[in-house]
Amino acid sequence: LLLEDQFLIAMDAEDMLSALGARKVVVCSSVGEAMAALDSALPDLALLDINLGSETSMPVAERLRDLGIPFAFATGYDEGVLQADNAIPAPIIRKPYSGAAIAAGLIEAYSAADRRR
């Protein structure tokens, strides 16, 4: 699951995830779309942009956490600001990101999910 409200960033991230071996990437641009996607099928992992314009991805992160699905946040914001506002600990991948940064963040997300189990 890729939650990203910026079309070009979403396309690039989708390409990077596919290059890393993702068989299917469900791209959503809002919390509502992401929640509907989760109702339809559960992903193996998720990459969530924190700031989605008028909303944040926190409701999706909470649901993923409750389901035990690994996820990482993507953002262009300073990490210190995120730590204060982010009640859900998860790896943070800084934008602009590379395929290697996404891979490292998602590996960290899997490790964190394993520790929560």
Side-chain angles (χ1 to χ4, degrees):
L1 176 69
L2 172 60
L3 177 53
E4 171 60 62
D5 65 330
Q6 298 295 317
F7 180 73
L8 291 177
I9 294 172
M11 286 179 43
D12 284 344
E14 181 180 15
D15 287 345
M16 288 180 212
L17 289 166
S18 293
L20 290 168
R23 290 184 305 258
K24 179 180 179 183
V25 179
V26 175
V27 180
C28 302
S29 62
S30 70
V31 169
E33 284 181 33
M35 292 297 203
L38 290 172
D39 289 340
S40 174
L42 296 180
D44 293 325
L45 58 90
L47 179 58
L48 311 174
D49 181 13
I50 292 232
N51 183 2
L52 302 169
S54 63
E55 60 186 349
T56 70
S57 62
M58 291 304 163
V60 177
E62 290 170 359
R63 186 159 176 204
L64 291 167
R65 178 197 60 205
D66 293 347
L67 291 167
I69 297 171
F71 66 93
F73 290 118
T75 187
Y77 292 114
D78 180 276
E79 272 186 55
V81 173
L82 287 174
Q83 296 299 333
D85 293 338
N86 180 9
I88 302 171
I92 297 171
I93 302 169
R94 299 275 308 180
K95 293 181 181 179
Y97 42 68
S98 64
I102 290 175
L106 293 175
I107 288 169
E108 186 180 341
Y110 268 107
S111 296
D114 283 343
R115 286 191 300 272
R116 284 192 295 267
R117 288 184 190 144

Original post:
Does the side chain of Thr56 come within less than 4.5 Å of Pro59's, by heavy atoms?
Top reply: yes
Original post:
If you measure from CG on Asp5 to CD1 on Ile50, what distance do you get to the nearest 0.5 Å?
Top reply: 12.0 Å
Original post:
Once you round to the nearest 0.5 Å, how far does CG of Asn51 lie from CZ of Phe73?
Top reply: 12.0 Å
Original post:
Are Val25 and Met11 linked, directly or through other ILVMFWY residues, by side chains that come within less than 4.5 angstrom of each other?
Top reply: no
Original post:
Would you say the side-chain atoms of Ser30 pair up with the backbone N or O of Glu33, donor to acceptor, closer than 3.5 Å?
Top reply: yes
Subject >> Any donor-acceptor pair under 3.5 Å from Ser18 side chain to Glu14 backbone >> reply: yes
Original post:
What is the minimum heavy-atom distance between Ala72 and Ile93, and which atoms define it?
Top reply: CB-CD1, 3.9 Å
Original post:
Atom CG in Leu42, atom CD1 in Ile69: separation rounded to 0.5 Å?
Top reply: 4.5 Å
Original post:
Under a 4.5 Å cut-off applied to non-hydrogen side-chain atoms, are Tyr97 and Ile9 in contact?
Top reply: yes
Subject >> Closest contact, heavy atoms only, Ala37 versus Val26 >> reply: CB-CG1, 4.0 Å
Original post:
To the nearest 0.5 Å, what is the distance between CD (Glu4) and CG (Leu52)?
Top reply: 7.5 Å
Subject >> Heavy atoms of other groups near Asp15 CG, more than 12 under 6.0 Å >> reply: yes
Subject >> Pro70 side chain near Leu106 side chain, heavy-atom distance below 4.5 Å >> reply: no
Original post:
Between Phe7 and Val27, does a side-chain contact (heavy atoms from CB on, under 4.5 Å) hold up when you go through it step by step?
Top reply: CA-CA 10 Å; Phe7 180 73; Val27 180; over 6 Å; no
Original post:
Leu38 versus Leu64: any side-chain heavy-atom pair under 4.5 Å?
Top reply: yes
**OP:** Please name all residues satisfying side chain to side chain contact (heavy atoms under 4.5 Å, CB included) with Leu20, sequence neighbours left out, ordered by chain then number.
**Re:** Ile102, Ala103
Original post:
Would you call Asp12 and Lys95 a salt bridge, using N to O less than 4.0 angstrom?
Top reply: no
**OP:** Answer yes or no: is there a side-chain heavy-atom contact under 4.5 Å between Leu3 and Asp49?
**Re:** no
Original post:
So which heavy atom on Ala90 is nearest to which on Phe71, and how close?
Top reply: CB-CE1, 3.5 Å
Original post:
Measuring from Leu2:CG to Leu17:CG, what's the distance to the nearest 0.5 Å?
Top reply: 6.0 Å
**OP:** Quick one: closest heavy-atom pair of Ala109 and Pro91, and the distance?
**Re:** N-CG, 3.5 Å
Original post:
Going by side-chain heavy atoms closer than 4.5 Å, which hydrophobic residues are tied to Ile107, directly or by a chain of links?
Top reply: none
**OP:** Check for a donor-acceptor pair, side chain of Gln6 on one end and backbone N or O of Leu8 on the other, with a separation under 3.5 Å.
**Re:** no
